[in-house]
Amino acid sequence: MRIKRGYVLITSDIREQINAEIERTGTGPQRALKGNKEARQIGLTSGIIYRLTGQNGKSITAKTEHVELALKLWNDLPDKDIEPSKPKPHNPGPIMIYKNPHYGYEPITPEFLEKLESEELRTGVKAEDLVKEAGIDVKPHVIRAWKSGKTKSGDPDVIDSVLQAFKGLFNMKISI
C-alpha cells in the first residue's frame, strides 16, 4: 500500500496511546481541542481524532501533523480525579413524608383514615373531589397521599376541615 506524502499509517499503538490519554485525563477530544489555535490552523477536529481512535470509523492513514498534535493534546492535562464510589443506601420503598409537630403538623392516624373512608362510603363522595368543591385549602393529591400512606402528617386545621365538610353532606341513597 502506498501512502501519500505528508500522511502516516495509523497503527494500533497510535490508537492505544490516544485512547490511554483520554482515559487517563477523563477529557474527550472536544474538550482537549477547545481553544487550541494550532488545531484550528491545521484543520484537526474531534471527528478526525475519533477516527484515529477507531471510535467513529477507522482511518488507515492520517496527516502527519494531525497525528502529532493529537498525541500532544493531552500531555499538559492532569490525571482525572477518581473518587471511590460510595455504596448506595438500600431503599426499602417509597419515602414517607412526615413533618414534625414543631411545624404544627399532627400525624395522620389510622382512626382518621377510617373516619375518612367511612364518610366516603356514607356519602359516595371522594375526599379529593370534596376538597375542590368545598374550597378547602389543600390539594387533592395531598388527600391521596394521606390515604396511600405516603404522607404521614398534615395540618390539623385541614384535617378537621375535611371531616367537617363531610358532615354537611347527606347519606348516599341506594336504590334497589
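Along the sequence shown, residues are numbered consecutively beginning with 1. Here the structure is a predicted model, which means the values were calculated and not measured.
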H66 NE2 to R51 CZ distance, which is reported to the nearest 0.5 Å: 10.0 Å
Polar side-chain atom of E120 near backbone of A127 as donor-acceptor pair, under 3.5 Å: yes
Short side-chain to backbone donor-acceptor contact, D129 and V125, under 3.5 Å: no
Closest contact, heavy atoms only, L71 versus N75: O-OD1, 3.6 Å
Cluster overlap I42 with Y50, hydrophobic side-chain contacts below 4.5 Å: no
Single-linkage hydrophobic cluster Y7~L9, side-chain heavy atoms < 4.5 angstrom: yes
Closest approach of V162 to L130 (non-hydrogen atoms, all atoms of both residues): O-CD2, 4.2 Å
L69 to E38 - nearest heavy-atom pair and separation: CD1-OE1, 3.8 Å
D137 CG: over 12 foreign heavy atoms closer than 6.0 Å: no
Cluster overlap I3 with I10, hydrophobic side-chain contacts below 4.5 Å: no
Separation of E21 CD from Q17 CD (nearest 0.5 Å): 6.5 Å
side-chain contact (heavy atoms from CB on, under 4.5 Å) evaluation trace for V142 with V131: CA-CA 10 Å; V142 173; V131 296; over 6 Å; no
I159 side chain reached by I108 side chain, heavy atoms, under 4.5 Å: yes
Closest contact, heavy atoms only, S161 versus I136: O-CD1, 3.5 Å
Side chain R40, main chain L33, donor-acceptor under 3.5 Å: no
Pairs flagged by ring pair (Phe, Tyr, Trp, His ring centres under 6.0 Å) wherever residues 124-160 is involved - sequence neighbours left out: F112-W146
Heavy-atom closest contact (A70 atom, L52 atom, distance): CB-CD1, 3.9 Å
Pairwise distance OG(S148) to CD1(I143) - rounded to 0.5 angstrom: 11.5 Å
Pair T61-V8, side-chain contact (heavy atoms from CB on, under 4.5 Å): steps then yes or no: CA-CA 5 Å; T61 61; V8 295; over 6 Å; no
Chi angles and distances behind the salt bridge (Lys or Arg N to Asp or Glu O under 4.0 Å) call for E23, K80: CA-CA 8 Å; E23 183 65 30; K80 67 179 172 183; 3.4 Å; yes
T123 side, atom OG1; K167 side, atom NZ - distance, nearest 0.5 Å: 12.0 Å
Donor-acceptor contact present, side-chain R24 to main-chain W74, <3.5 Å: yes
Donor-acceptor under 3.5 Å (T27 side chain, A32 main chain): no
From E114 atom CD to E119 atom CD, the distance as rounded to the nearest 0.5 Å: 13.0 Å
Atom of A62, atom of V67 and distance for their closest heavy-atom approach: CB-CG2, 3.8 Å
From CA spacing to verdict: salt bridge (Lys or Arg N to Asp or Glu O under 4.0 Å), K147, E128: CA-CA 10 Å; K147 289 176 172 180; E128 297 93 296; 2.7 Å; yes
Atom pair CD (E106) and CG (D160), whose distance is rounded to the nearest 0.5 Å: 6.5 Å
Backbone N/O of E117 and side chain of R122: donor-acceptor pair under 3.5 Å: no
